[in-house]
Amino acid sequence: MPYTTNDIRNIETRWQKFWEAHRTFHVEADPSAPKYYVLEMFPYPSGKIHMGHVRNYTIADVIARYKMMRGFNVLHPIGYDAFGQPAENAAIKNKTNPADWTYRCITQMHDELKKMGFSYDWDRELSTCDAEYYKWNQWIFIKMFERGLAYKKASSVNWCPDCETTLANEEVINGLCWRCKTAVVQKDLEQWYLKITQYAPSLLEDLKKLEQWPSRVRAMQENWIGKSYGVEIHFKVKDSTETINVFTTRPDTIFGATYVVLAPEHPLVKKMTAGTAQEKETLEFIEKTANKSKSLRMSGDQRKEGIFIGRHAINPVNNEAIPIFVGDYVLMEYGTGAIMAVPTHDQRDFEFAQQYKLPMRIVIQDPKNPSVSVENMNEAYIDEGVLINSGEFDKTPNEEAKKKIAEWMQLKRFGKISIHWRLRDWLISRQRYWGTPIPMIYCAACGVVPVPYHQLPVELPKDVQITGEGGSPLARVRTFVECACPKCGKPARRETDTMATFFDSSWYFLRFCSAHNAQEIFDKSEAQYWMPVDQYIGGIEHAILHLLYARFFTKFLKDLGLVACDEPFTRLLTQGMVLKDGEVMSKSRGNTVDPDEVLSQYGADTLRLFILFAAPPEDQLEWNSDGLEGAWRFLNRVYQMVEKRHSKSQTLKGFHSDDADATLERERNNAVKRVTQSFEEGYKFNTAISHLMVLANAIDKYKIDSANLGKQHLLNQAIETLVLLSAPFAPHVAEEMWQMMGKTEATVARVAWPDFDEKALKTSTIVIAVQVNGRVRAQIQITPDCSPEELRKICLSDPGVAKYAQEAAIKKFIVVPNKLVSIVV
RNA sequence: GGGCGGGUGGUGGAAUUGGUAUACACGUAGGACUUAAAAUCCUAUGACCGUAAGGUUGUGAGGGUUCAAGUCCCUCCCCGCCCACCA
C-alpha cells in the first residue's frame, strides 16, 4: 500500500526518537579512526527556519551521512549565532528581554531542526549568547590586547544612524549598512579595533592553499585584501618644511604629474592653509565634503570637486612647482591620503583637470596614435606605450619603466618602493546591548586595564532598559559600569560597548571540538584531531566578512599555539539561493514557503529529496510544488517495492528474459558507481538522485515469476542497494525500509556504503552508432572483442549504412572503441 | 570600469570532458483501472515536412579547426553575481 501523510509522519517521528534515544550521531575524538568534520554556517536564531536554511543543512547532512556510511568518524555539530540586533528590536517591540526572546527562539529553532532529521551531535549544541561561550570571546580579546592586536584609537568611523552603532568596513555595502540598508555616515569616535592588517600578507598568501574553495570566493577575498605594489613619492611643499607623501602604482608616469591632490581629511591641509588667504574657502570645502554621505562620495559617476589651496609642491624628478588641491575624489583611508595627478594617464585625474582647466602632459605614447596631443585627447590613455617627455627614460616601454623609475627614485631618495593594502583594521566596538561585553576597565590612575582572566566572564546584566534611543544601553547600568580597578583597586569604569557579533562566529568551529569545556577555550588535542573543518557549507554572502574573520582568528590562535592548522576550512561549498517565481525567497518580498507546512504535508524526506534533485547545490533553486509531488511519488514507489518484495502473493510486474538478470545486476552496479562518484567528484546530488531513479526503474521492469524464482536474491540485492544509496538523502524512509527488510543492524546510518564491481558494468554485446559523413545512419550490435576487419564488414553490410557508403568510396574509416564508427566517403 | 559565473525542449536540468544532444524528473496529450474522481499504471512528447518509411533542422548569434563541436579557437550579443573615484 502507498503510504499516507499520516504514515510518513509516524515513520519520521519514530526514527527521530530512535536517533535521539540511541545518540546515534554522538561522536568522540578517536585518533585511531579517520575523522571528517562537516559544518554548516550556524544560524541566527530568528525562531523559524526558512528554505535557505533547509537547503544549506540538507546539503551538509547528506554529506555527513555519506561519510558516516563510508566509515568516517563524522563531527556534524549545530549551534546558534545568537547575539545581535534583532533581539534588541524585538525586545523594544514586545517589551520583553532580549535574552528571553532569544532563548525562546532557540528552543523553537531546535525543534524545527529536529523535525528535519539532521544528523547532528546534539550534545555539542551551543549558543554564542551563553556566558560559557562568550567568556571565551573575552578571553581571546584579552589575548589579542596583550599582543597589541586589540587596540583603541580615535578615528573617523562608519556610523549607521538607524542602528545607532559603528560598523566595520566589511559591513558597509555600497555605502549602506549591511543590515538595515541605511546610508552610512562618518563620525569621529574612539573605538576598539582588531589589527587584522597584521595578518594581511598571510591571509592573501594562504588563499593559494584553498584549492577546494570556489575560485570566486578566493578572488573576492584577494580583491578585498587588495595588495598593490608601488612607490611612495615625497613631494616637498614649496616655501615650507612640510613634505607630502603620495602613493602611486604608476611611477612610470611621474614626469606627467601636473598637480597634487589631498583628501579633505588630510592633516596637512589645515596646516598648510592656516593664516593664508585660502584658509576660509578651504575649510568651507572640507565641511561641505564631510556632510556628503560615504555612498555618494564613493560612487564613481559623481562629479569630482576640489579647490586650489594656494600652495605648490615640488616634483622631485624635475623640480617643477605644481599646484596642490584638495579633492573629494581622494580618500583618506587608502594609501597616504594624497595623490600625484597625471591627467593624461588616469581617467579620474583627466576629468578633474578638464573641469578645472589644469595643465596636462603626455608621457606615454600610444603606439596606435603617436601624434595625439593634449588638445585632442578626450580620455586618459591608460594602456601600454613608450615613455616621452620623461628625461633619461624616454623611449623606455612603460612596463619596464615602472621598475626602473621606482628603483631610480629610491636610489635618489625621491621616494621609496612600498606595498599598500586595501584591508583596514577591523572596528569591533558596537554601542549595543545584546553582545559580548568588551572586557576592559578604565582607571583614572592606571589607564586601560584588561579584566583579569579569573574574573571572566564579564556577564551581561539582565535587567536593562532597551529603549532604542541611542548610546550604549550598558552605559546606563550603574552596577555594571562602576567597578574596581584590577590593578590599584580604586573606583574605575567599565567599557560599555559590546563586540561585533562577527567576533562570535570567528571561532565557533573550534568550540564545537569540545563544546562545553569549562576549563579551557577548547581542548587542544580534540581540536588537533577534528580541525580543520573538512567541508564547510554556507551562503556566498559571507564570502568576505565571516570567512575572512574566521581565517584571521585561526591564524591568531595558531600563533598562540592552540591549533595546528593555519586555515580553518579545507573545502567550501557556497549553496545557491532559493527562488520563487524567479525572485529570491524572502520575507520582505512575501514569497516565502514555510518549511513547516511542507513538512506536515510531505515530511522531511520528500522535502530533502526535492531540494537536492531540483538543482546542483551551488546553483539557484527555483521552488516548484509539482517537483515536490514528484519526489513524494518516487519515495512512495521505492517504499512499495520493499513492501511487495515481502508479500509472496504479489509479483513485481515487467518482463523477464535471460538478459534481465544481467541487466538488473549491471544497473545495480552502475547506480552504486554513479552515486558514489557524485559524492566523491563535486557533490552533484541532482544526478545522484537521477541514478537512484534509474535503478528503481530497472527494478520495476524486472519480473520474478515461476521461471526464475531462484533469482530472488538478485532482486533482493538490487532493492537493498537502492535503500542503502537512498539513506543519506531520505534517512527516515530508508531506516524504515531497512527494518522492513529484516536487517539486524539497528540503524542504516552506520551500515557500510555498498561497493560496485567494474566487471559487472560490462555487457556481452554493445550497440554502437555508425556515422557517414558525420551523420548517424545506423545502430549496430557488436561484441566488445570484435576485430576491426570484422567491424568494417558488419558496418558496410548494414542496409542503413550501405545506402550512403560503398566500400570503393571510403576515404576514411575511424573507429572509436565501444562508442561509434565514423565513415568518410 | 574590473573580476567570476552563465545562455541546451513547454519547465528544472543531463551529457562519461572532442564521440549517437536533451539522461532523470516535471508538465502536457492519449489510453488502462473506476459508477465517477483522486491515486496508480501504460504509451507518446525538441521543432519542421510526411499517412508512413523516412528526411531536414536543432545547444544565444556569426565564423573557424576537425571524420566528428553544447564542449576547442576567434568575433559579437544577452543575463546573473561580486567589487569599484583603491591612486
Side-chain angles (χ1 to χ4, degrees), chain A residues 2 4 173-174 214-220 222-224 226-228 230-231 246-250 253 261 263 297-304 327-331 333-342 346-349 351-352 382 420-423 540-541 543-544 574 576-577 610 613-616 618-631 633-634 636-637 640 653 673-674 677 681 684 686-694 696-697 700 767-779 800 803 811-825:
Chain A
T4 62
I173 313 290
N174 291 329
S215 57
R216 62 175 174 150
V217 176
R218 280 183 299 172
M220 282 160 81
E222 199 178 320
N223 290 339
W224 189 261
K227 186 180 189 179
S228 316
V231 184
V246 307
F247 176 69
T248 182
T249 54
R250 293 297 302 275
T253 64
V261 192
R297 231 188 109 185
M298 301 252 284
S299 67
D301 35 83
Q302 172 72 10
R303 198 179 120 103
K304 295 167 184 33
D328 62 357
Y329 75 107
V330 175
L331 307 172
E333 307 93 87
Y334 186 75
T336 57
I339 62 157
M340 64 173 202
V342 185
D346 181 289
Q347 187 58 26
R348 295 155 301 178
D349 297 344
E351 286 165 24
F352 190 82
I382 53 170
H420 275 263
W421 302 86
R422 190 183 166 285
L423 185 69
I540 187 75
E541 66 274 18
I544 294 171
T574 49
M577 304 257 191
F610 163 69
F613 183 54
E618 311 228 42
D619 289 10
Q620 295 189 330
L621 169 80
E622 175 70 34
W623 184 261
N624 175 352
S625 46
D626 287 333
L628 200 60
E629 209 47 70
R633 275 203 292 258
F634 172 69
N636 222 321
R637 199 151 69 89
Q640 286 176 74
K653 62 200 163 309
K673 181 179 177 181
R674 301 305 291 267
Q677 263 176 0
E681 295 161 21
K684 294 274 187 165
N686 54 332
T687 54
I689 292 167
S690 80
H691 286 110
L692 296 180
M693 290 169 171
V694 172
N697 291 346
D700 244 349
V767 176
I768 65 167
V770 185
Q771 294 182 336
V772 181
N773 287 351
R775 294 231 162 88
V776 178
R777 295 300 183 182
Q779 305 280 332
K803 211 163 119 190
K811 284 191 189 146
K812 269 190 183 174
F813 193 90
I814 298 152
V815 178
V816 184
N818 298 345
K819 289 232 172 79
L820 58 72
V821 169
S822 183
I823 304 169
V824 186
V825 295

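Chain letters run A, B, ... following the sequence lines, proteins first, then strands; residues in each count from 1.
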Subject >> Crowding at CE, A:Met577 (>12 non-hydrogen neighbours, <6.0 Å) >> reply: no
Original post:
For A:Ile814, does the CD1 atom have more than 12 heavy-atom neighbours from other residues, nucleotides or ligands under 6.0 Å away?
Top reply: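 Buried by this count: over 12 neighbours within 6.0 Å.
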Would you mind reading off the distance between [X] atom [atom1] and [N] atom [atom2], rounded to a whole angstrom?
{"X": "A:Trp421", "N": "B:C86", "atom1": "CH2", "atom2": "C1'", "answer": "14 Å"}
{"X": "A:Ile540", "N": "B:C81", "atom1": "CD1", "atom2": "P", "answer": "13 Å"}
{"X": "A:His691", "N": "B:G13", "atom1": "NE2", "atom2": "P", "answer": "18 Å"}
{"X": "A:Glu622", "N": "B:A25", "atom1": "CD", "atom2": "C1'", "answer": "16 Å"}
{"X": "A:Asn686", "N": "B:C24", "atom1": "CG", "atom2": "C1'", "answer": "9 Å"}
{"X": "A:Ile544", "N": "B:C86", "atom1": "CD1", "atom2": "C1'", "answer": "14 Å"}
{"X": "A:Glu222", "N": "B:C86", "atom1": "CD", "atom2": "C1'", "answer": "15 Å"}
{"X": "A:Asn624", "N": "B:U11", "atom1": "CG", "atom2": "P", "answer": "13 Å"}

Original post:
Under a 4.5 Å cut-off applied to non-hydrogen side-chain atoms, are A:Thr253 and A:Met340 in contact?
Top reply: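 A:Thr253 reaches A:Met340 side chain to side chain.
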**OP:** Could you check if a side-chain atom of A:Arg637 sits within less than 4.5 angstrom of a side-chain atom of A:Asn697, using non-hydrogen atoms only?
**Re:**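 Result yes, sub-4.5 Å side-chain heavy-atom pair found.
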For atom [atom1], what is the distance between [N] and [M], given to the nearest Å?
{"N": "B:G54", "M": "B:U45", "atom1": "P", "answer": "14 Å"}
{"N": "B:A84", "M": "B:C78", "atom1": "P", "answer": "25 Å"}
{"N": "B:U43", "M": "B:G60", "atom1": "C1'", "answer": "35 Å"}
{"N": "B:G6", "M": "B:G13", "atom1": "P", "answer": "13 Å"}
{"N": "B:U20", "M": "B:C26", "atom1": "P", "answer": "26 Å"}
{"N": "B:C77", "M": "B:G70", "atom1": "P", "answer": "23 Å"}
{"N": "B:A25", "M": "B:U40", "atom1": "P", "answer": "14 Å"}
{"N": "B:U71", "M": "B:G18", "atom1": "C1'", "answer": "7 Å"}

If you check the [X] side chain, which of [options] turns out closest?
{"X": "A:Ala769", "options": "B:U20, B:A15, B:A84", "result": "B:U20"}
{"X": "A:Asp328", "options": "B:C85, B:U56, B:A87", "result": "B:C85"}
{"X": "A:Ser690", "options": "B:A84, B:C24, B:C67", "result": "B:C24"}
{"X": "A:Ser215", "options": "B:G5, B:U20, B:C86", "result": "B:G5"}
{"X": "A:Arg637", "options": "B:A25, B:C67, B:C24", "result": "B:A25"}
{"X": "A:Pro616", "options": "B:U56, B:A14, B:A87", "result": "B:A14"}
{"X": "A:Val694", "options": "B:A84, B:C24, B:C85", "result": "B:C24"}
{"X": "A:Arg633", "options": "B:C81, B:G27, B:A87", "result": "B:G27"}
{"X": "A:Gln620", "options": "B:U56, B:U20, B:G80", "result": "B:G80"}
{"X": "A:Val824", "options": "B:C67, B:C86, B:U56", "result": "B:C67"}

Subject >> 5′-ward residue of the pair A:Ile814/A:Leu621 relative to RNA chain B >> reply: A:Leu621
Original post:
Taking for each residue the nucleotide of RNA chain B bearing the nearest heavy atom, is the 5' side occupied by A:Ala615 or by A:Met340?
Top reply: A:Ala615
Which part of the nucleic acid does [X] contact within heavy-atom distance under 4.0 Å: base, sugar-phosphate only, or nothing?
{"X": "A:Arg218", "answer": "nothing"}
{"X": "A:Asn697", "answer": "sugar-phosphate"}
{"X": "A:Ser228", "answer": "sugar-phosphate"}
{"X": "A:Asp626", "answer": "sugar-phosphate"}
{"X": "A:Thr249", "answer": "sugar-phosphate"}

**OP:** Assign the ring pair A:Phe247 / A:His420 to parallel, tilted or perpendicular, where the plane angle (0 to 90°) is split at 30° and 60°.
**Re:**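 Rings of A:Phe247 and A:His420: tilted, as their planes differ by 30° to 60°.
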Subject >> A:Phe610 and A:Trp623 aromatic ring geometry - parallel, tilted or perpendicular at 30°/60° bounds >> reply: perpendicular
How many angstroms lie between [atom1] in [X] and [atom2] in [Y], if you round to the nearest 0.5 Å?
{"X": "A:Met693", "Y": "A:Thr687", "atom1": "CE", "atom2": "OG1", "answer": "11.5 Å"}
{"X": "A:Leu820", "Y": "A:Gln771", "atom1": "CG", "atom2": "CD", "answer": "5.0 Å"}
{"X": "A:Leu423", "Y": "A:Asn223", "atom1": "CG", "atom2": "CG", "answer": "12.5 Å"}

Short side-chain N/O contact from [X] to OP1 or OP2 of [N], under 4.0 Å:
{"X": "A:Arg422", "N": "B:A87", "value": "no"}
{"X": "A:Arg777", "N": "B:G55", "value": "yes"}
{"X": "A:Lys812", "N": "B:C67", "value": "yes"}
{"X": "A:Arg348", "N": "B:C86", "value": "yes"}

Original post:
For the side chain of A:Gln779 and the base of B:U20, is some donor closer than 3.5 Å to an acceptor across the two?
Top reply: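 Checked by distance alone, the answer is yes.
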Original post:
Which way is the base of B:U17 turned, syn or anti, if we draw the line at 90° from 0?
Top reply: syn
Original post:
Is B:G9 in the syn range, within 90° of 0, or in the anti range?
Top reply: syn
**OP:** Taking Watson-Crick and G-U wobble pairs with both distances under 3.5 Å, convert RNA chain B into its dot-bracket string, 5' to 3', dots for unpaired and | for cross-strand pairs.
**Re:** (((((((..(((......[....)))((((((.......))))))((((....))))..(((((..]....))))))))))))....
Subject >> Chi angles and distances behind the side-chain contact (heavy atoms from CB on, under 4.5 Å) call for A:Ile540, A:Arg216 >> reply: CA-CA 10 Å; A:Ile540 187 75; A:Arg216 62 175 174 150; 3.6 Å; yes
**OP:** State which residues pass side chain to side chain contact (heavy atoms under 4.5 Å, CB included) with A:Ser215; sequence neighbours excluded, sorted by chain then number.
**Re:** A:Arg218
